[in-house]
Amino acid sequence: MTTKKTNKKRDLIQLLASVLIIILINIIGNFAFKRIDLTSEKRFTLTSATKELVKNLDDVVYVKVYLEGDFPAGFKRLRNSTKEILDELRAISPDIEYEFINPSSDPDEKKRHEIYQQLTKQGLQYTNLEVKEGDGKSEKIIFPGAIFSYRGKEAPLQLLKSQMGASPEQMLNISEQQLEYEIANTIKKLSDESKPSIAFIEGHGELDETEVKDATRALSEYYDVKRIKIAEKLNSLKGISAIIIANPDSAFSEKDKFIIDQFIMRGGKVLWLINPVDAIMDSLSTNKMTFAIAKELNLDDQLFRYGIRINNNLVQDLQAAPIPVVTGYIGNQPQQKLFPWFYFPLLMPQSNHPIVNNLNALRVEFISSIDTVSAPGIKKTPLLHTSKYTKLLNAPVRISINSLREEPKAEQFNKSFQPVSYLLEGEFESAFTNRITPEVMESEDIKFKDKSQPTKMIVVGSGNIIKNSIQKSTGNVYPLGYDRFTGEIYSNKTFILNAMNYLCDDSGIIGARSKEFKLRLLDSERIKVERTFWQLLNTVLPVIIVLFAGIILFYIRKRKYS
């Protein structure tokens, strides 16, 4: 009897102690919050830039995620990953709120259609899913995207990314990798009170306003985009964070070069999009042949001093975008067929640099190769390459449309992986060091600098990379990267946005784009053979283990109290 009372008292003390410990842990947990990421690729660890961004929010960011409902496992994984990232952000800042919505939940078809139209109007794109139902298949519309709201402003975010040649599993994996960057970038876009100023340079035959309209529209979401004619005015670039030099066709004066040089020396950023060789496709529509000749831009010495040389050549690549060619006539109707035009390479980014990591292919026209030269203290990072099957043609080059009818000789395409774009970072030496008079050097108005602050620039051997197509009959502008012959949309616009964000973003948010998740795919052949074994192992074995443990415990207790 005494033993029973003692045991009861001991159990009661243990129970009270346990309750007290739990309460104590909860109290400590409220003050000392810590999350541990046990994944090998640190999938749930946010970058410090993202954390700082959400910590500094002044109001609630409300997120409506339209990825809810009954859909395949891959999309459920994307849905869960989105929720996990939002939970991580909310753990840092209570100003992150979200809800998941199924846009297809309404049984009324008309109302569903209205919801779909509204989401499309807000900037989300739908995806048609093929779903297996018994022996048949059906199509299902989902909107793998989200709408972010902040202080009366809204911004869409497409969660599902696409990449040419990638399997659905790879595209979903890429989408998961980009989640943190895409979400943080959307929040930054909404919460930035003031936009940095950037400018397209004019006055040297650069692409006009209409030719870069879609890029300007996209950049305007992040920047105050201007067009500036330097016109040898010293203060023409005052207050500008970055400039874009898009496909000039005439020479820069020494004074304009000097102003750009001193802009760089004071920390300004430059996106050089330069075609050193003049090749125009339009002339081939009236003539079967044309000549591409080197331009006199008067920029070679300046770029050389910064550590880069754009070669006076044209790249031919067997991995190329097609153009239509008339192959014959039926009656008086021309018959057209698409042929790959080797002067229009499709660049597949292979680097894991944040600017190009997991980017889809880029379509470029008449691009030139780039070499690096010695420039102490400058870090040079290649961003874009041609494919393994590349040929270089030094200017002047004869370009004939008839070459489409000839079978390419693979042995001639032996200049593999030619770099066509570089990122340069560091403290640049002025291109005008030891070239100016003592009066200019000592002028208080000019305040000449012979070495730059730490800054960045990106050089691409094609200005057409930023040029959108225009429908001649209506004047409508096609999206940048849209190929009107195939209907394909390439990643030119994303590249331009990433490049400018990298140049101008000092917060480091774009660093989240370099995250890489390992794709751990199941062996489909092994699944077919071993499906039953693994199903039994996962369902029956745990039951057997529990039963076995129960029997052992039963006998132990029986022996103890017998």
Q: For side-chain hydrogen bond (donor to acceptor under 3.5 Å, both in side chains), just list the numbers for D317 and S387, CA-CA rounded to whole Å, side-chain angles, deciding distance to a tenth of an Å, and then say yes or no.
A: CA-CA 7 Å; D317 195 327; S387 79; 2.5 Å; yes
Q: Run the salt-bridge test on D224 and K195 with the 4.0 Å N-O cut-off and return the result as yes or no.
A: no
Q. So does F339 have more than 12 non-hydrogen atoms from other groups sitting under 6.0 Å from CZ?
A. yes
Q: Kindly indicate, with the supporting measurements, whether the criterion side-chain contact (heavy atoms from CB on, under 4.5 Å) is fulfilled by I401 and M289.
A: CA-CA 6 Å; I401 203 78; M289 189 186 71; over 6 Å; no
Q. Do L424 and K379 touch side chain to side chain, with heavy atoms closer than 4.5 Å?
A. no
Q. Is the shortest side-chain N to carboxylate O distance from R112 to D106 below 4.0 Å?
A. no
Q. With a 3.5 Å cut-off and no angle check, do the side chains of N313 and S369 form a donor-acceptor pair?
A. yes
Q.
Under a 3.5 Å threshold, yes or no: a donor from one side chain and an acceptor from the other, between Y181 and T50?
A. no
Q: Taking all non-hydrogen atoms of both residues into account, name the closest pair between S368 and I310 and its distance.
A: CB-CG2, 4.2 Å
(Q) If I compare all heavy atoms of L172 with all of L78, which pair ends up nearest, and what's the gap? (A) CD2-CD2, 4.1 Å
(Q) The test is side-chain contact (heavy atoms from CB on, under 4.5 Å); show your working for I147 and L124 and say whether it passes. (A) CA-CA 8 Å; I147 301 290; L124 296 184; 3.9 Å; yes
Q | Residue pairs passing the side chain to side chain donor-acceptor pair (under 3.5 Å) test where at least one lies in residues 406-424, sequence neighbours excluded | A | K391-Q412
Q.
Within a 6.0 Å radius of atom NZ on K189, are there more than 12 heavy atoms belonging to other residues, nucleotides or ligands?
A. yes
Q: With side-chain contact (heavy atoms from CB on, under 4.5 Å) as the test, would you mind laying out the steps for F200 and L219 before giving the verdict?
A: CA-CA 11 Å; F200 282 90; L219 289 166; 4.3 Å; yes
(Q) For Y98 and K83: C-alpha separation, side-chain torsions, deciding distance, then whether side-chain contact (heavy atoms from CB on, under 4.5 Å) applies. (A) CA-CA 9 Å; Y98 68 83; K83 186 175 182 302; 3.4 Å; yes
Q. Shortest non-hydrogen contact from Y482 to S469?
A. O-OG, 4.4 Å
Q | Between N312 and N394, a side-chain donor and acceptor under 3.5 Å | A | no
Q. Have N247 and E206 got a donor and an acceptor in their side chains that come within less than 3.5 Å?
A. no
Q. If you take all heavy atoms of Y116 and S104, which pair is closest and at what distance?
A. OH-OG, 2.7 Å
Q) Given N185 and Y222, is the side-chain hydrogen bond (donor to acceptor under 3.5 Å, both in side chains) satisfied, shown in steps? A) CA-CA 10 Å; N185 198 34; Y222 301 88; 3.0 Å; yes
Q | Sequence neighbours excluded, every pair satisfying side chain to side chain donor-acceptor pair (under 3.5 Å) that has a member inside residues 207-217 | A | D214-R217, D214-K493
(Q) Distance alone, cut at 3.5 Å: any donor-acceptor contact between the side chains of Q316 and Y389? (A) no
Q: Scan side-chain atoms only and decide if T120 and Q117 contain a donor-acceptor pair under the 3.5 Å cut-off.
A: no
Q. Can we call the ring centroids of F344 and F342 under 6.0 Å apart?
A. no
Q. Passes ring-ring contact (aromatic ring centres under 6.0 Å, His included), Y66 versus F100? Steps please.
A. CA-CA 6 Å; Y66 292 92; F100 279 77; 9.8 Å; no
(Q) Looking at every non-hydrogen atom in both residues, tell me the closest pair between D505 and K456 and how far apart they are. (A) O-NZ, 4.2 Å
Q) Considering only heavy atoms from C-beta outward, does the side chain of F75 approach that of L159 to under 4.5 Å? A) no
(Q) Looking at every heavy atom in both P349 and L384, which two are closest together, and how far apart are they? (A) CG-CD2, 3.9 Å
Q. Is it the case that Y343 and E365 place a side-chain donor and acceptor less than 3.5 Å from each other?
A. no
